[in-house]
Each structure stands twice: as structure tokens, then as C-alpha cells.
There are 2 protein chains.
Amino acid sequence: MTSASEASMSSPRAKRVDAFRNEQKLLEAAASVFVASGVDAPVRAVAAAAGVGVGTIYRHFPTRAELVVAVYRHQVDACAEAGPRLMTSSASPEAALRAWLDLFVDFLVTKHGLAAALQDEKVGAALHRHFVDHLVPVCADLLAAAADHPPGGAGPTAYEVLRGIGNLCIGAGSDPQFDARRVVRAYVSGVLAEARRE
Amino acid sequence: MTSASEASMSSPRAKRVDAFRNEQKLLEAAASVFVASGVDAPVRAVAAAAGVGVGTIYRHFPTRAELVVAVYRHQVDACAEAGPRLMTSSASPEAALRAWLDLFVDFLVTKHGLAAALQDEKVGAALHRHFVDHLVPVCADLLAAAADHPPGGAGPTAYEVLRGIGNLCIGAGSDPQFDARRVVRAYVSGVLAEARRE
DNA sequence: CAACTATACGGAACAGTGTTCCGGATATCA
DNA sequence: TGATATCCGGAACACTGTTCCGTATAGTTG
């Protein structure tokens, strides 16, 4: 921790501006490539789109997963912040929960392959952690309110629910016979039924 | 179709017995490797376990996915055949549906990575088709009986339900906080509620 | 303004996938 | 005992993510 305070206190030399610019270019290029080819686009494709070498990517983002996290960090945070807002603006706690989960589903489904990436042990570890840390608490509040059920009971866990929904969104959007929102709606009905039974 | 009948009618030379033996060795080796390392084990690992070259695998199974299908074909068929049996032996149609789906979940969860493989567009295409063809009709019957609902209504589709459950099983077994059977139970409750609402 | 150095860059190289290919071995038949 | 259709082994290819290091440059210092 000595080194940490040293690093943040006395900066022998600030980060070079070209490095900062490149990091920005990388984030924009990655976002663009991800919408065009899915989040499992090759690292080289992102590098090419940004006009940099692959080495530059790995300097700024030690692993492919961390680039993905960086690209979607803002949207995850926005989703988390929408929770409390919906809680007060909705007609009922259940409506708030369902509206928020719709947000979550739409987010996952529109980013092709994001839900799948969340599973892949290697790629998903970093993603998973960030999603869990930011979204689970919000979901827990909404769920407790909707189920009229003190958190900590034996009903479905907020983690369980988010993870389940994440799973349900995998591959949706590339299968017309499988409508993620429909399926999630059914799942949430079951979750609420079980939670209220306690 | 002329060539097909030719091939099945006049066999200028039967399949060589060493080829047949190798196919068998391959299936056994693959099954063994899959339980040890998951269904996403490298093709080379299966080849090594069987004591053959990779070329031999690709002669018998044109693609990695078809090897996986071949390994699990029997178990899928067994699961499909268990449907009608449970239908008559269970206390209620809903009990039959739930028991059968438990079979399905256990099957997916015990084969590490099988559920995930079902998603991967490339790997999963062959798997997906086989699962769908054999399991969806059975599920449709059980579902219709449990929901007391003539097939063809606007409720959840049998395909949708199986696909949803398949998704829910992804990564279960490597995450103690996520119990696939619990989650699936909740989902099925929601499905039945929606189906009966029609 | 002119070195000088810490920092950042590019892209070749490495390791691990699935898949293809073909020269050589071999089972089967005449 | 050949003849040959069939099959086999494993090198080679295309494509991943990731690492490495010589080179270029931004920022500092004299």
C-alpha cells in the first residue's frame, strides 16, 4: 500500500497524452466493432479499427475481457442507477422490478454476445464481477419490495435471479422462436410466486 | 436419391472392420474425456485418448459437434422415451412434466459444458437440431397435459421452454450460488401460470 | 533549443484452437 | 498372392488470445 500512495501522491511523470488519446480511440473503436460483429469480435479487428497495433490494446487493457468491461461500464452503471428511480416512479413494487429487469434484458440482448461472454469462465470473470457488484444490490432491493419479503429469507436470491436472466438472454436475438422478454417474464412470475410463498 | 439407394443396396465393399473399431474407440474415448474435461475438450485430446490421429476423428465425424452428438445420442433418446412413461406413472400431469424436466436438467448439468455447447452457433447447430427434433415433441405433450391447454395456443412454446431451461443450465455446477434445479423450478412455475392464463 | 529518458507503440512471434490434406499403410477381394 | 479401395497418421493451415522487444516519441532537463 506504500507503493499505491506513492503512485497517487507523487507522480514522477503524468500519463502521456498520446496514450490517453489511444485509450479513447480504442474504446470508441471497440464499441463500434462490438455492435457490428458482436462482443466476441477478434482483438485484431478492434486494433485495426482503432488504427493501432495489438500491443497497444494489451497495454491499456490487460485482457480482452477488461476491454469489454470498459466499453460497457457506463451502461451498467446507468442500469444500476435506474433502479432507485423506478422504485419511486412505478405504480407498484412489482412493476418497478419488471421494468428494471426489462432494461437489463434489453441491454443484454442488444449487445450481441454479451450474455454469452458473461458465462465463459475466462472471458467472463472480470465482466461477471463488475455486473454482480453493481447490479445485484439494486436487484435485491427491488426484489424484496416486490415480494414484500425481508431480504435474507429462503426465496430466490437476487444473484440467482440476475444470473438466471443473464443466462436466458444468451443467443436471444439470433433465434426468432425465442423471445427473451417473454421467457424472462415467465421466469419472474415464478420467482415472485416462490418468494411470496415463504 | 439414386446414389443413396445404390449405396444401401449394392455395397461394393462393406466398411472395414478396423474403421468400425476405431469409431467405437473414438466414442468411448470421447465420452471418457468429456466427463474428465468437459465437452469442450480439444479434439486432439480425444484423438490422443483413443490412440488415433486427428484425421481419423474427422473421417468418422465430419465436425467436432457431430462427435458430441454421437456421444450423447443415446442419452437424449433415453430422455425422450422417459416422457410417455412418466406421463402415465406420475400422480399428476404437472408432476410428470416436472419430473421429466428434472431429468433433462440433470442430464445437462452433469455433462460439463454441454449446455454451453448447445448455444455456440457453430458447435451447437448439429447438437441443437438433434435435441430439438427428439425432445420438443415430448415436452409439448407433457406441457399441454400439465397446462390443460390445447397445443397451439398463445402460451409458452415447448421449444421456448426447453431452450430456456437449456440456457438456465449453462455454467451451473461451477457456481455454488446458482442451483439450476431451483431456478428451473421457478421458471416452470411461471410457464405453467402463463399457460393456464390463456 | 538540444539531448536524454521514461513511456508508449507496432507487429512479429508464441501457444492453443478446429479443420484440411495427402503420402503411406492395410484390409478386403479376386 | 497381388491389386486396390479404403483408412490412417500427423504435418500444415487459418484463426484465436497473449507476450515480447526493438523502435519511436512525449515530456523533462540542462
Side-chain angles (χ1 to χ4, degrees), chain A residues 6-7 10-27 29-30 33-34 37-71 113 116-117 120-127, chain B residues 3 6-7 10-26 29-30 33-34 37-71 113 116-117 120-127:
Chain A
E6 272 181 6
S10 67
S11 48
R13 204 173 279 201
K15 185 200 274 182
R16 278 166 52 164
V17 302
D18 58 341
F20 181 77
R21 261 206 322 256
N22 270 332
E23 191 173 322
Q24 223 60 18
K25 271 198 301 183
L26 238 11
L27 282 175
V33 169
F34 287 169
S37 318
V39 300
D40 47 358
V43 173
R44 284 164 179 77
V46 175
V52 304
V54 287
T56 303
I57 288 192
Y58 282 91
R59 172 146 332 87
H60 294 294
F61 308 99
T63 200
R64 202 185 162 289
E66 309 205 29
L67 172 61
V68 178
V69 174
V71 167
D120 187 335
E121 276 300 321
K122 292 197 55 182
V123 176
L127 270 183
Chain B
S3 66
E6 271 181 6
S10 66
S11 48
R13 205 172 279 200
K15 185 200 275 183
R16 276 165 53 163
V17 301
D18 58 340
F20 181 76
R21 260 207 321 257
N22 270 333
E23 190 172 323
Q24 221 61 17
K25 272 199 298 183
L26 238 12
V33 169
F34 287 169
S37 317
V39 301
D40 47 358
V43 173
R44 285 165 179 77
V46 175
V52 305
V54 288
T56 303
I57 289 192
Y58 281 91
R59 175 173 337 281
H60 294 295
F61 308 99
T63 200
R64 202 185 162 289
E66 309 205 30
L67 171 62
V68 178
V69 174
V71 167
D120 187 333
E121 275 300 320
K122 292 198 55 184
V123 176
L127 270 183

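What you see is a predicted model, and the numbers here were worked out from it, not measured in a lab. Quick note on labels: first sequence line is chain A, next is B, and so on, each numbered from 1.
When the side-chain nitrogen and oxygen atoms of B:Thr63 are compared with OP1 and OP2 of C:dT19, one or more of them lie within a distance under 4.0 Å. Remark: A:Arg64 is in phosphate contact with D:dG17, judged by side-chain N or O atoms under 4.0 Å from OP1 or OP2. Between B:Arg59 and D:dC8, a side-chain N or O to OP1/OP2 separation shorter than 4.0 Å is present. Side-chain nitrogen and oxygen atoms of A:Thr56 include at least one within less than 4.0 Å of the OP1 or OP2 phosphate oxygen of C:dG10. For B:Tyr58, no side-chain nitrogen or oxygen approaches OP1 or OP2 of C:dT20 to under 4.0 Å. A close approach under 4.0 Å does occur between a side-chain nitrogen or oxygen of B:Asn22 and OP1 or OP2 of D:dC8. Using a 4.0 Å cut-off, some side-chain N or O of B:His60 falls inside it from OP1 or OP2 of D:dC8.
Rounding to whole angstrom units, CG of residue B:Asp40 and C1' of D:dT16 are separated by 15 Å. Atom-to-atom, CD of A:Gln24 to C1' of C:dA8 comes out at 16 Å; the value is rounded to the nearest Å. Here the P atom of nucleotide C:dG10 and the CG atom of A:Asp18 are 9 Å apart, to the nearest Å. Nucleotide C:dC9 holds its C1' atom 14 Å from the CD atom of A:Glu23, rounded to whole Å. Taking atom CZ on B:Phe61 and atom C1' on C:dG18, their separation rounds to 16 Å, with Å as the unit. Atom CD in B:Glu66 sits roughly 10 Å away from atom P in C:dT19 (whole-Å rounding). To the nearest angstrom, P of D:dT6 lies 18 Å from CZ of B:Phe20. To the nearest angstrom, P of C:dC21 lies 18 Å from CD1 of B:Ile57.
Among the protein residues, B:Ala41 comes within range of the sugar-phosphate backbone only, with heavy atoms under 4.0 Å from sugar or phosphate atoms but none that close to a base. Using a 4.0 Å heavy-atom criterion, one finds that B:Ala45 contacts no nucleic acid atom at all.
The residue among A:Gly55 and A:Pro42 whose nearest nucleotide of DNA chain D is located toward the 5' end is A:Pro42. When each of B:Val43 and B:Arg21 is assigned the nucleotide of DNA chain C bearing its nearest heavy atom, the one mapping closer to the 5' terminus is B:Val43.
Of the candidates C:dC9, D:dT18, C:dT28, C:dT28 carries the atom nearest the B:Arg16 side chain, counting heavy atoms from C-beta on. Nearest nucleotide to the side chain of A:Arg44, out of D:dT16, D:dT19, D:dG9: D:dT16. Listed nucleotides: D:dA11, C:dA8, D:dT18. Nearest to the side chain of B:Val54: D:dA11.
Here the shortest heavy-atom pairing between A:Ala47 and A:Ile57 reads N-CD1, 3.7 Å. Scanning both residues, B:Ala45 and B:Val33, for their nearest heavy atoms gives O-CG2, 4.2 Å. Closest heavy-atom contact between B:Val54 and B:Arg44: CG1-CG, 3.8 Å. Across all non-hydrogen atoms, the minimal contact from A:Glu23 to A:Phe61 is CG-CZ, 4.0 Å.
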Exercise for review: Start with the C-alpha distance between A:Arg21 and A:Asp18, add both sets of side-chain angles, then the distance that settles side chain to side chain contact (heavy atoms under 4.5 Å, CB included), and finish with yes or no.
Suggested key: CA-CA 5 Å; A:Arg21 261 206 322 256; A:Asp18 58 341; 4.0 Å; yes
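Distance check, rounded to the nearest 0.5 Å: NE2 of A:His60 to NZ of A:Lys25 gives 9.5 Å.
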